[in-house]
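Computed over heavy atoms, backbone and side chain alike; hydrogens, waters and symmetry mates excluded.
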Amino acid sequence: MTHPRRRAGLAAALALVVAALAGCSESTPTAAPSASATDSASSRAKACAAVVDEIVTATQQYVDTYGPLPVGGSASPTPSAASTAGPDGDFKQALADAQRNLTDLGCDVAAAQTDLAAGLGRVTARGPVATAVLLQTKAAITGRLPKDPVKRTVSPADDLAGALSEAPSGSTITLRAGTYTLKDALVLLTGVTLKGAGRDTTLIRSPGADATVLVLTGDRVTLTGLAVAHTGSRPASVLLGGPDVSLALTGVRLSGARADAQGQGGAGVLMSARGTATTTATATTLEMTGVDVTGNGAAGVVLAGNHRVSILTSQFRANGQCGVCFLDASSGSVQGSTFTANAVGVVATGSARPTLIANTFTGGQVGVQASGSSVPVLSRNTMSRMARAAIILTGPVTGRIDGTVCRAVKFGIVLSPTSLPDLGTNSCTVARSKT
């Protein structure tokens, strides 16, 4: 995955060429030019056109660094915005050189802008991330990307990706009722709010690989009152966020994620990481309130790395492997939510530290399953009609289980010999497995 911090450097880099075009002087001769003056003006025009061509070439090279997204959604390290090496540094240096040359030559503003607009129209992009970068680059260079947040309303007939390319962080895009059918992933490069008319009336859908919505910004992104669905046969998650993402979802439905035989894709929400984290985060990176996560091939929510979640009054239904999977050093709370017919309601592995409070688990194979050195804390949860067991702990799991009610389950709380949770008062049978 493209590192989201690269996005922070793009606006600063593009500001160089915007400033250069704004600062160019346009001289108006007061007398008929001499032959030598005409030759000089012609040479200067050619030199200015060459500088514009350099900007176009640099833009193409920069966009080309954003290749197709790996299906797994795992992040690979790339230079940060502050780096002086790599694609960001090369692009910023090219624009800085262009700024100096345009200023030194005193290029004609109108001619430079016309040539630049035409040149950018020839730049191509490969994949949804590169396309989004190109759209935002064009908007910034041609002056269509405002400095301040905007509010804009769009309908299904409008170009949603184009509207996002002209929306700086802090902007709100209101989506009218209807179905927004996209050919590929919708890529969010800035911290925007997408506000629908309700999850039963506003739908974003795409058959594309990898994701329906891909978030690549460190700024806060909010989705409210809409549904997002994957509709294709290729492996993909519905909403895919990078390691530094901050997401807030309210009144949203996420469905249709598809996994392949290798386990790629398939999550309603996948919060990815650069690697296996070992330290617990202190800030919440995913907030979900009143969210319906239904019918995803692998999982409702997957938290990798050290992402931290806060989930309130949400529903997880018929997700293939788990309703919520806490991996690595992920953490956070799930409260007042329902888990119905998921293979496993909540999974905790690695050193994850989930807190589950007053949730209802119904059907599926297992309500809560924890392994590794995870530290689950369960308080006042209700478990019913699981095929295998309400709670299974394997390995050196600690944590606490208190106030659990088990109904119509063959096995209540099953502990391995090395699992040592603090058991409070629970209305469940407790059994020790031999292994």
Side-chain angles (χ1 to χ4, degrees), residues 72 74 259 262-263 266-267 270-281 286 298-309 311 316 319-335 337 339 342-357 359 361 363-383 386-406 409-435:
S74 59
Q262 289 72 44
L270 172 57
M271 301 291 280
S272 67
R274 297 186 191 89
T276 302
T278 57
T279 57
T280 302
L286 174 62
V301 174
V302 176
L303 303 165
N306 62 353
H307 279 293
R308 185 178 182 87
V309 69
I311 298 175
F316 298 86
N319 297 293
Q321 297 176 10
C322 62
V324 180
C325 286
F326 288 85
L327 312 180
D328 306 326
S330 60
S331 61
S333 63
V334 183
Q335 185 170 353
S337 297
F339 294 80
N342 305 284
V344 180
V346 173
V347 169
T349 67
S351 59
R353 305 177 70 91
T355 299
L356 312 177
I357 303 172
N359 302 292
F361 297 80
Q365 297 294 313
V366 181
V368 176
Q369 185 165 340
S371 61
S373 57
S374 60
V375 187
V377 176
L378 283 66
S379 176
R380 296 180 284 115
N381 297 286
T382 300
M383 311 278 180
M386 285 86 196
R388 292 179 58 198
I391 300 170
I392 298 177
L393 306 186
T394 59
V397 176
T398 55
R400 179 174 174 79
I401 304 173
D402 186 40
T404 306
V405 176
C406 295
V409 293
K410 183 175 181 180
F411 297 102
I413 301 171
V414 179
L415 308 176
S416 73
T418 56
S419 299
L420 297 171
D422 179 10
L423 295 178
T425 302
N426 300 284
S427 299
C428 303
T429 59
V430 179
R432 284 279 181 184
S433 65
K434 295 181 180 181
T435 58

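Between the Arg432 side chain and the Ser416 main chain, a donor and an acceptor come within less than 3.5 Å of each other. Not a single donor-acceptor pair under 3.5 Å links the side chain of Ser374 to the backbone N or O of Gly372. Checked by atom type and distance alone, the side chain of Ser331 never pairs as donor or acceptor with a backbone atom of Pro354 at under 3.5 Å. Asn342 places a side-chain N or O within donor-acceptor distance of the main-chain N or O of Asn319, the cut-off being under 3.5 Å. Of the possible donor and acceptor atoms, none in the side chain of Ser330 sits under 3.5 Å from a partner among the backbone N and O of Gly305. Between the side chain of Asn426 and the backbone N or O of Gly403, at least one donor-acceptor pair lies under 3.5 Å.
Between Phe361 and Met386 the shortest side-chain heavy-atom distance falls below 4.5 Å. Here the side chains of Ile392 and Thr394 are in contact, with some heavy-atom distance below 4.5 Å. No side-chain heavy atom of Pro396 sits less than 4.5 Å from a side-chain heavy atom of Ser419. For the pair Phe326 and Thr349, the minimum side-chain heavy-atom distance is 4.5 Å or more. At least one side-chain heavy atom of Thr425 sits less than 4.5 Å from a side-chain heavy atom of Asp402. Side-chain contact between Phe316 and Val324 is present, with at least one heavy-atom pair separated by less than 4.5 Å. Using a 4.5 Å cut-off on side-chain heavy atoms (C-beta onward), Val334 and Asn359 make contact. Between Ile357 and Arg380, some side-chain heavy-atom pair lies under the 4.5 Å cut-off.
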Run the numbers on Val414 and Ile391 for side chain to side chain contact (heavy atoms under 4.5 Å, CB included), then give the verdict.
CA-CA 6 Å; Val414 179; Ile391 300 170; over 6 Å; no
For a side chain to side chain contact (heavy atoms under 4.5 Å, CB included) check, start with the C-alpha distance between Leu327 and Leu303, then their side-chain angles and the critical distance, and finish with the verdict.
CA-CA 6 Å; Leu327 312 180; Leu303 303 165; over 6 Å; no
Would you sort out whether Arg308 and Met271 count as a side chain to side chain contact (heavy atoms under 4.5 Å, CB included), showing the intermediate values?
CA-CA 10 Å; Arg308 185 178 182 87; Met271 301 291 280; over 6 Å; no
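Taking both residues in full, the closest heavy atoms of Ala299 and Val302 are given as CB-CG2, 3.5 Å, listed atom of the first, atom of the second, then distance. Taking each heavy atom of Ala273 and Ala304 in turn, the nearest pair found is CB-C, 3.9 Å. The two residues Gly320 and Ala343 come nearest to each other via the heavy atoms O-CB, 3.0 Å.
A side chain to side chain contact (heavy atoms under 4.5 Å, CB included) with Pro376 is found for one member of Thr398, Val397, Leu356 and no other, namely Val397. Shown are Val368, Val405, Ile413; of these, the side chain to side chain contact (heavy atoms under 4.5 Å, CB included) with Met383 is made only by Val368.
Distance check, rounded to the nearest 0.5 Å: CD of Gln369 to CD of Gln321 gives 11.5 Å. With rounding to the nearest 0.5 Å, the separation of NZ in Lys410 from OG1 in Thr429 is 11.0 Å.
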